[in-house]
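To start, the structure under review is shown below, and the notes come after it.
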There are 2 protein chains.
Amino acid sequence: MATRTAEAHREEARAAYDAFLKECPTAQLLARISDKWVGLIVSALGQAEDRTMRYSELGRKIPGVSQKMLTQTLRSLERDGLVARTVTPTVPLRVDYRLTELGSNLGCLLSSVKQWAENHFDEVSAHRERHDAEAAGADAGAAAGADAAA
Amino acid sequence: MATRTAEAHREEARAAYDAFLKECPTAQLLARISDKWVGLIVSALGQAEDRTMRYSELGRKIPGVSQKMLTQTLRSLERDGLVARTVTPTVPLRVDYRLTELGSNLGCLLSSVKQWAENHFDEVSAHRERHDAEAAGADAGAAAGADAAA
DNA sequence: CCGAATCCTCCCCGATACTG
DNA sequence: CAGTATCGGGGAGGATTCGG
């Protein structure tokens, strides 16, 4: 059967994937917490009083996040035991997100990273512009050289 | 034309995007350094003697990274002034990547995060399994309830 | 009004082949 | 050894719609 081959391929691929995960399972976790929104959300929660915030508070605090990504990220954080989700079935509905002890721990680290980004933004920006300028100059030089050759 | 509408949309979207970047430029930088490969590469370089490594040393040290991602990430890090690239035009060619002072600074933070991931992996993993089990149980219960209702 | 689910597009990333 | 160019798939994520 042709499908048999495809299945075999799938199995093989899955085995390889599992082998990779077994080889380095922490890379998976690192990738999760290295997510852009994770950093912003956990930092925001870490700065809040009682490490607690409502859903729309987070939405307003973090500029440019869509509801989808907010929900998605919060769900994955809840799944990993980093935040706790509390639903208060009043009208209108109220949902609070709170950093767990584990999450609070990570929050310190990610806040440091966020802080670093804010502190060194100018420096990085300067480096970036200089580098781009040099690259443009090199390109221009190369182009001029090509012109001269032509 | 229909394409005109699409173009207008693109322009609009781009304007909104630029406005967002101007509103919160540090989010941009945070997203960059929150990249999965950035974390791994900078940590690896941070652990190395002299904070220096060759291209293929990095490739071997970091499991599952493709040459493309390695090159791409190193380029962006170089552009941001976090790593320095040194070419030694011998045969065979030799290229060394080295953390700058700025990058070394960040390296400490990212190494901490990586360390955290390694230390708390079991904990997170346990939370994850428990959460998944509860979700499955809830689903089963809901299904049973539906069956009973029917 | 707040929070979640759906659709659809674009971009990121991995695999492959080729240069110096 | 150290990259660069190209293609194709899959998933991220934004706009929109639905539920309570």
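Each chain gets a letter, A, B and so on, in the order the sequences are listed, and its residues count up from 1.
Listed by residue number, the members of residues 49-57 of chain B with any heavy atom below 4.0 angstrom from DNA chain D are Arg54(B), Tyr55(B), Ser56(B). Interface residues of residues 70-87 of chain B facing DNA chain D, ordered by number: Thr71(B), Arg75(B), Arg85(B); criterion, heavy-atom separation under 4.0 Å.
With sequence neighbours excluded, the residues forming a side chain to side chain donor-acceptor pair (under 3.5 Å) with Glu118(A) are Lys114(A), listed by chain and number. For the side chain to side chain donor-acceptor pair (under 3.5 Å) test, residues two or more places apart in sequence or in another chain that qualify with Arg94(A) are Asp96(A). Under the rule for a side chain to side chain contact (heavy atoms under 4.5 Å, CB included), the partners of Glu129(B) that lie at least two apart in sequence or sit in another chain are Ser125(B). Partners of Trp116(A) by ring-ring contact (aromatic ring centres under 6.0 Å, His included), not counting sequence neighbours, listed by chain and number: His120(A). Listed by chain and number, the residues in a side chain to side chain contact (heavy atoms under 4.5 Å, CB included) with Arg128(A) are Val124(A), Asp132(A), Gln28(B), Leu29(B), Arg32(B), Arg79(B), Asp80(B) (sequence neighbours excluded).
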Base-contact (B) and sugar-phosphate-only (S) positions in nucleotides 15-20 of chain C, heavy-atom cut-off under 4.0 Å, - elsewhere:
B-----
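Atom-to-atom, CD1 of Ile41(B) to P of dC13(C) comes out at 11 Å; the value is rounded to the nearest Å. Rounded to a whole Å, the CG atom of Leu58(B) is 14 Å from the P atom of dC1(D). Atom CE in Met69(B) sits about 15 Å away from atom P in dC11(C), given to the nearest Å.
Pairing each heavy atom of Ala44(A) with each of Met53(A), the nearest pair is O-CE, 3.3 Å.
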Using residues 100-111 of chain A as the side-chain source, report each donor-acceptor pair under 3.5 Å to any protein atom, sequence neighbours left out, with the distance given to one decimal.
from, atom 1, to, atom 2, distance (Å)
Thr100(A), OG1, Gly81(A), O, 2.9
Thr100(A), OG1, Leu82(A), O, 3.1
Thr100(A), OG1, Leu102(A), N, 3.4
Thr100(A), OG1, Gly103(A), N, 3.1
Ser104(A), OG, Arg51(A), NH1, 3.2
Ser111(A), OG, Gly107(A), O, 3.0

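The stretch residues 82-91 of chain B participates, sequence neighbours left out, in these side chain to side chain donor-acceptor pair (under 3.5 Å) pairs: Arg85(B)-Tyr97(B). Each side chain to side chain donor-acceptor pair (under 3.5 Å) pair with one or both residues in residues 57-75 of chain A, not counting sequence neighbours, appears once here: Tyr55(A)-Thr71(A).
Taking the side chain as every heavy atom from C-beta outward, Leu40(B) and Val65(B) never approach each other to under 4.5 Å.
OP1 or OP2 of dG3(C) has not a single side-chain nitrogen or oxygen of Tyr97(A) nearer than 4.0 Å.
To the nearest 0.5 Å, the span separating NZ on Lys36(A) from CE on Met69(A) amounts to 9.5 Å.
Where the helix from dC1(C)-dG20(D) to dG20(C)-dC1(D) starts and where it ends, the local axes point in directions that differ by 30°; five pairs per end, rounded to 10°.
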Decide yes or no on side-chain contact (heavy atoms from CB on, under 4.5 Å) for Leu58(A) and Leu45(A), but give the supporting numbers first.
CA-CA 8 Å; Leu58(A) 283 168; Leu45(A) 282 173; 4.3 Å; yes
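A continuous path of Ile, Leu, Val, Met, Phe, Trp and Tyr side chains, each step under 4.5 Å between heavy atoms, connects Val87(B) with Leu74(B), placing both in one hydrophobic cluster.
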